[in-house]
S.K.: 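My questions all concern the structure below.
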Protein chains: 2
Amino acid sequence: MCTVVRMSGERRPRRHDPGRRDRLIDAALHVIAERGVAATTHREIARAADVPLGSMTYHFASLDEVLAEAFTRHANAAADIFDERLGAATDRASAVEAVVTLIRDDLIGSPNELVMAVELYVAAARNPALRAVTQAWMQRSRDALQRHFDPTTARELDALIEGLVLHSVLSTDPMTPDQIRHAVERFLR
Amino acid sequence: MCTVVRMSGERRPRRHDPGRRDRLIDAALHVIAERGVAATTHREIARAADVPLGSMTYHFASLDEVLAEAFTRHANAAADIFDERLGAATDRASAVEAVVTLIRDDLIGSPNELVMAVELYVAAARNPALRAVTQAWMQRSRDALQRHFDPTTARELDALIEGLVLHSVLSTDPMTPDQIRHAVERFLR
DNA sequence: CACTCATGCGTACGACCGTACACATGATGC
DNA sequence: GCATCATGTGTACGGTCGTACGCATGAGTG
């Protein structure tokens, strides 16, 4: 009778767990999107990742560090999507098409995208480290647009995209793909 | 010797204080703009209004109620500005001018304006009452624009304005008035 | 002036927070 | 197999929060 009896629900046996830090950052992202930065606590992230509370302070110096890394990861992923969509375009017409698709499928289509962006903006308003993340993200978006449009147009278009997504998601009647296309083409006309 | 001695710093004598509720809402607005919704607590608001903590629970059923009233007040004030600026315009050219002035002076010019908007968007993401406030605000902006532009244009222009303000304020190099004018005129051309 | 009672306030409670740190644990070298 | 020690965890502390509620207070009435 030397087997260890596990009372109350299966103990977690993982001791050495490389990549746990990564999983914690992903868990943090999930919590931010689901519950908001305000509800993103050490305990909540640990629960989401099924990891003991002490593991948080072991892997991160502070909660701010977790937030910064999480937002950085998200911003990079979002910028990658921009690059992909626009990198596939060959001429101006397909670039316009890429922008419409981007807005429809990647920005409005996955509702977390806007939540993450707005959460980041608010957090950045009080936290310089996050402001840098925001600015790097915006720069990458603009750069992607500049592959097909002149700098001034790229900047203005970038702003238009953000405004369209914001108003579409927050509005009671979201914009249809046709309305989005109309707005973009009108601006680039 | 029957005078009351006030030790430790002048007691607040105001007992009957009509309009205190109003002042508390204003104090809440101030705290939100200054420190963010996350730091907006009963105690912080009471301190800002120089009022005892118990006064908060006396005047408001919950902290959410305070936030809702504060954001409602702010949204109305912001929409009033929209109305004013655009109401003064007589023809299309002066309407465009009004939009540019609005963006430059009232939206980018007073930096709290964007902070309040973004704080509201985040709060609204988790709170249906605030979502209604957001939507009413957007509706009033759009209505104001519709006094001079057709509904489709008004909606798209509204989104463009929001995007321009957002990107201008968050960017390291804010847009100049000329750049703003350029973007707006380009869209309305 | 004395009494009454709606109005407004001080204080305390339970919950949750970030963080620190002593200790358990299992991988590693001998 | 055993000693050692880096790695990971359980727990507790000080602080702040929202909210409730018994009591002080002063305006109004006679």
Side-chain angles (χ1 to χ4, degrees), chain A residues 2-25 27-28 31-32 34-70 123 126-127 129-130, chain B residues 2-25 27-28 31-32 34-70 123 126-127 129-130:
Chain A
C2 51
T3 59
V4 179
V5 178
R6 298 299 184 201
M7 309 287 294
S8 67
E10 201 55 33
R11 233 68 171 80
R12 298 161 246 136
R14 61 179 94 89
R15 188 81 190 188
H16 255 47
D17 178 8
R20 166 173 292 192
R21 205 186 131 93
D22 263 1
R23 283 188 18 251
L24 286 176
I25 296 173
V31 174
I32 294 171
E34 205 71 26
R35 315 265 325 267
V37 168
T40 302
T41 66
H42 276 145
R43 286 168 176 80
E44 197 67 31
I45 298 168
R47 206 173 302 137
D50 188 34
V51 143
L53 171 63
S55 196
M56 292 301 298
T57 54
Y58 179 75
H59 285 288
F60 303 95
S62 74
L63 190 57
D64 270 355
E65 185 179 316
V66 189
L67 290 180
E69 298 222 22
R126 325 277 167 198
N127 182 334
L130 293 181
Chain B
C2 48
T3 60
V4 180
V5 179
R6 297 300 183 201
M7 310 286 294
S8 67
E10 202 53 34
R11 234 68 171 77
R12 298 162 247 136
R14 62 178 93 88
R15 188 82 190 190
H16 254 47
D17 178 6
R20 167 173 292 192
R21 206 186 131 92
D22 264 1
R23 282 186 21 251
L24 286 177
I25 296 173
V31 174
I32 293 171
E34 205 71 27
R35 314 265 324 266
V37 167
T40 302
T41 66
H42 277 144
R43 287 169 175 80
E44 197 66 32
I45 299 169
R47 207 172 303 137
D50 188 33
V51 144
L53 170 61
S55 195
M56 293 300 299
T57 53
Y58 178 74
H59 285 288
F60 304 96
S62 74
L63 191 57
D64 270 355
E65 185 178 316
V66 189
L67 290 180
E69 298 222 24
R126 325 277 167 198
N127 183 334
L130 292 181

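Predicted model only: the values in this text are computed from it and were never measured. Below, chain A is the first sequence line, B the second, and so on; all start at residue 1.
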S.K.: So which atom in Ile32(A) and which in Arg126(B) form the shortest heavy-atom distance, rounded to 0.1 Å?
M.R.: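 Result for this residue pair: O-NH2, 3.4 Å.
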
S.K.: What distance separates Leu63(B) CG from His42(B) NE2, expressed to the nearest 0.5 Å?
M.R.: 4.5 Å

S.K.: Using whole Å, what does the distance between atom P of nucleotide dC16(C) and atom CZ of Arg35(A) come to?
M.R.: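 Arg35(A) atom CZ is separated from dC16(C) atom P by 12 Å.
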
S.K.: Taking only N/O atoms, report every protein-nucleotides 11-13 of chain D pair under 3.5 Å with atom names and distance.
M.R.:
none

S.K.: State which residues pass side-chain contact (heavy atoms from CB on, under 4.5 Å) with Ala123(A); sequence neighbours excluded, sorted by chain then number.
M.R.: Phe71(A), Leu130(A)

S.K.: Met56(A) CE to dC17(C) P: how many Å, rounded?
M.R.: 12 Å

S.K.: Please enumerate all residues that pass side-chain hydrogen bond (donor to acceptor under 3.5 Å, both in side chains) together with Ser55(B), with sequence neighbours excluded.
M.R.: Arg20(B)

S.K.: To the nearest angstrom, how far is Glu44(A) atom CD from dA15(C) atom P?
M.R.: 17 Å

S.K.: Kindly write out the residues that satisfy side-chain contact (heavy atoms from CB on, under 4.5 Å) with Ala27(B), not counting sequence neighbours, or none if the list is empty.
M.R.: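 For Ala27(B), the residues satisfying side-chain contact (heavy atoms from CB on, under 4.5 Å) (neighbours in sequence not counted) are Ile45(B), Ala48(B), Ala49(B).
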
S.K.: Can you measure Leu24(B) atom CG to dG8(C) atom P for me and round it to whole angstrom units?
M.R.: 11 Å

S.K.: Calculate the interatomic distance between Asp50(A) atom CG and dT9(D) atom C1'; express it in whole Å.
M.R.: 14 Å

S.K.: Does dA20(C) have OP1 or OP2 sitting under 4.0 Å from an N or O in the side chain of Thr57(A)?
M.R.: no

S.K.: Please determine, for the side chain of His42(B), which listed nucleotide (dG8(C), dG18(D), dT9(D)) has the closest atom?
M.R.: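 Output: dG18(D).
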
S.K.: With sequence neighbours excluded, what pairs up with Asp64(A) under the salt bridge (charged side-chain N to carboxylate O under 4.0 Å, His left out) test?
M.R.: none

S.K.: Tell me, please, which residues at least two apart from Glu65(B) pass side-chain contact (heavy atoms from CB on, under 4.5 Å).
M.R.: Arg21(B), Phe60(B), Ala61(B), Ser62(B), Glu69(B)

S.K.: List in chain and number order the residues that pass side-chain contact (heavy atoms from CB on, under 4.5 Å) with Arg47(A), two or more places apart in sequence or in another chain; answer none if no residue qualifies.
M.R.: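 Applying side-chain contact (heavy atoms from CB on, under 4.5 Å) to Arg47(A) gives Arg43(A), Glu44(A).
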
S.K.: Should we say atom CZ of Arg35(A) is surrounded by more than 12 heavy atoms from elsewhere, each under 6.0 Å from it?
M.R.: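 Count not over threshold, so no.
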
S.K.: Under 4.0 Å between a side-chain N/O of Thr41(B) and OP1 or OP2 of dC17(D), yes or no?
M.R.: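 Yes.
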
S.K.: Near DNA chain D, under 4.0 Å by heavy atom, which residues of residues 59-68 of chain B?
M.R.: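 Per residue number, the list reads Ser62(B), Leu63(B).
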
